[in-house]
Amino acid sequence: MSAIFNFQSLLTVILLLICTCTYIQSLTPSVLDRNKTGLLGIFWKCARIGEQKSPYVAVCCIVMAFSILFIQ
């Protein structure tokens, strides 16, 4: 089933996107800072969410991992 129609898969994809964008931003900040608007601005916004809300994102990742490993 597609991740769009399964809520848990959609949340997993969003968390992975946020974590990946934050990681890329920490390695090469100029890549995401060039594209703050438009379609590629989504990645810059995800990196900002990952940086500013990192404790909440980390807790969500742990909860999602526990959910995928032990509940599914």
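Owing to the predicted nature of the structure, the values given are computational and were not obtained by experimental measurement.
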Pairs under 3.5 angstrom only: tabulate donor-acceptor contacts from the side chains of residues 50-68 to other protein residues two or more places apart or in another chain.
{"residue": "Glu51", "atom": "OE1", "partner": "Arg48", "partner atom": "NH1", "Å": "2.4"}
{"residue": "Ser67", "atom": "OG", "partner": "Gln8", "partner atom": "NE2", "Å": "2.7"}

Ignoring hydrogens and angles, tell me if any N or O in the side chain of Ser26 forms a donor-acceptor pair with the backbone of Tyr23 under 3.5 Å. yes
Return the CG to CG distance between Asn6 and Leu11, rounded to the nearest 0.5 Å. 9.0 Å
If a pair satisfies salt bridge (Lys or Arg N to Asp or Glu O under 4.0 Å) and one of its residues is in residues 58-72, list it, with sequence neighbours excluded. none
Are Ile24 and Leu16 joined in one hydrophobic group, where the rule is that I, L, V, M, F, W and Y side chains link up if heavy atoms are under 4.5 Å apart? no
Same cluster for Ile18 and Phe7 if Ile/Leu/Val/Met/Phe/Trp/Tyr side chains link at under 4.5 Å? yes
Trace of the side chain to side chain contact (heavy atoms under 4.5 Å, CB included) decision for Asp33 with Gln25: CA-CA 8 Å; Asp33 285 341; Gln25 177 75 19; 3.4 Å; yes
Could you tell me which non-hydrogen atom of Leu32 sits nearest to which non-hydrogen atom of Ala47, and how far apart they are? CD1-CB, 3.9 Å
Shared hydrophobic cluster for Leu15 and Leu17 (ILVMFWY, side-chain gaps under 4.5 Å): no
